[in-house]
Amino acid sequence: MSVAMTLQTQIALACLSGLSIGFTLGFVGGGAGSLSVPLLLYFVKVGDAHIAIGTTAAAVAATALVNLVSYARAGLVRWRAGAVFAAAGMAGAFGGSRWSLHVDGGALMLLLAAIVAVVSLLMFSPVQASGHVAAACVTTPGRGFATAGAGVAVGGVAGFFGISGGFLSVPALHFIARVPMLEAVASSLVSVVAFGSMTAANYALAGKVNVPLALALVAGGVVGGCAGRRAAKAISVKRLALRRFSAALLLLTAAYITYRSLG
């Protein structure tokens, strides 16, 4: 009976965690995985970093798919840039997720915190890309190769840490593919679905995915995603503010992961 109660409690906590994950995905298009892994470890008390990573990957992929459909209906997804980025990154996600299964969980968390902190600092840059530049540059061969190369790198990181990769995909699409910020948020979800699915498949084969907790995360994520999308659209005219909010959120996440890992 105590085991059943513990599982029920974990599912309820995972559902609450999903609310924050879905909101993050809907609002900034990334950071969900970097939130989900520590939430499963420290809030839901999963206890195994690799199970937290595998479960996160499955849940984030499903939640991102729901958010992607909503953004696509609003006409905010740049399919060409998103598809090039995601397709190239699938190879990186496969290799990264296979490798991470053999790395100590504590080391993974500290490495994740370092990467999130660096990216958050880079996102404080005031540089912005205009819509005309994005439309012109993303179709050139050089821009396409650069976008594909970035996809491979981001896919590898996403697969290695079992995260959405959105916190890297958004700035990559914004600065490399020259996609405006709000549309970069929407387009990044294409790669989030692709990378998450690949990583979840590898972890599932290793028995490192907790299906009930993943479903609970998705249930909460769908609700949170609706609120996140509304918030993103409400401040879309303030693109610099949106990017800086994303950066601040990631910096706080990095600090929290470091604190809990060292503690």
Side-chain angles (χ1 to χ4, degrees), residues 10 13-14 16-25 27-60 63-64 92-93 96-97 99-125 153-172 185 188 192 195-196 199-200 203 208-210 213-214 217 220-221 224 228 242-263:
Q10 284 186 312
L13 294 175
L16 289 175
S17 300
L19 288 171
S20 64
I21 295 165
F23 182 86
T24 303
L25 266 175
F27 188 61
V28 300
S34 58
L35 288 173
S36 179
V37 173
L39 280 172
L40 285 177
L41 279 174
Y42 309 127
F43 185 57
V44 184
K45 306 294 184 183
V46 167
D48 184 337
H50 289 102
I51 291 179
I53 289 172
T55 303
T56 288
V60 167
T63 304
S97 59
W99 183 18
S100 67
L101 283 166
H102 305 288
V103 178
D104 176 71
L108 281 174
M109 293 301 99
L110 288 176
L111 287 172
L112 174 61
I115 290 178
V116 173
V118 170
V119 172
S120 67
L121 293 176
L122 292 175
M123 287 184 70
F124 275 111
S125 168
V154 174
V157 173
F160 185 78
F161 293 110
I163 58 179
S164 66
F167 69 87
L168 289 171
S169 299
V170 172
V185 170
S188 73
V192 171
F195 301 162
T199 303
Y203 270 78
K208 297 294 184 178
V209 175
N210 187 313
L213 293 184
L217 287 173
L242 176 58
R243 187 168 70 249
R244 285 178 174 172
F245 178 87
S246 305
L249 177 64
L250 293 175
L251 192 59
L252 288 173
T253 300
Y256 181 75
I257 294 174
T258 302
Y259 169 74
R260 291 306 301 262
S261 297
L262 294 177

Does the side chain of Thr199 come within less than 4.5 Å of Phe160's, by heavy atoms?
no
What one should report as the nearest heavy-atom pair of Thr55 and Ala214 is CG2-N, 3.6 Å
Contacts satisfying salt bridge (Lys or Arg N to Asp or Glu O under 4.0 Å) that involve residues 35-51 (not counting sequence neighbours) are Asp48-Lys208
Rounded to the nearest 0.5 Å, the OG1 atom of Thr63 sits from the CZ atom of Phe23 at a distance of 14.5 Å
Here the pair of heavy atoms bringing Ala57 nearest to Ala200 is CB-N, 3.8 Å
Report all side-chain donor-acceptor pairs from residues 107-118 shorter than 3.5 Å, counting only partners two or more places apart or in another chain.
none

CZ of Phe195 to OG of Ser188, rounded to nearest 0.5 Å, is 10.0 Å
The side-chain hydrogen bond (donor to acceptor under 3.5 Å, both in side chains) partners of Ser100 (sequence neighbours excluded) come to Tyr203
Which of Leu217, Asn210, Val209 passes side-chain contact (heavy atoms from CB on, under 4.5 Å) with Leu213? It is Asn210
With side chains defined as the heavy atoms from C-beta onward, is the minimum distance between Leu252 and Tyr256 less than 4.5 Å? no
Residues at least two apart in sequence or cross-chain that pass ring pair (Phe, Tyr, Trp, His ring centres under 6.0 Å) with Phe161, listed by chain then number, are none
OG of Ser36 to CZ of Phe43, rounded to nearest 0.5 Å, is 12.0 Å
Taken in chain and number order and not counting sequence neighbours, the residues that satisfy side chain to side chain contact (heavy atoms under 4.5 Å, CB included) with Ala52 are Val37, Leu40, Leu41
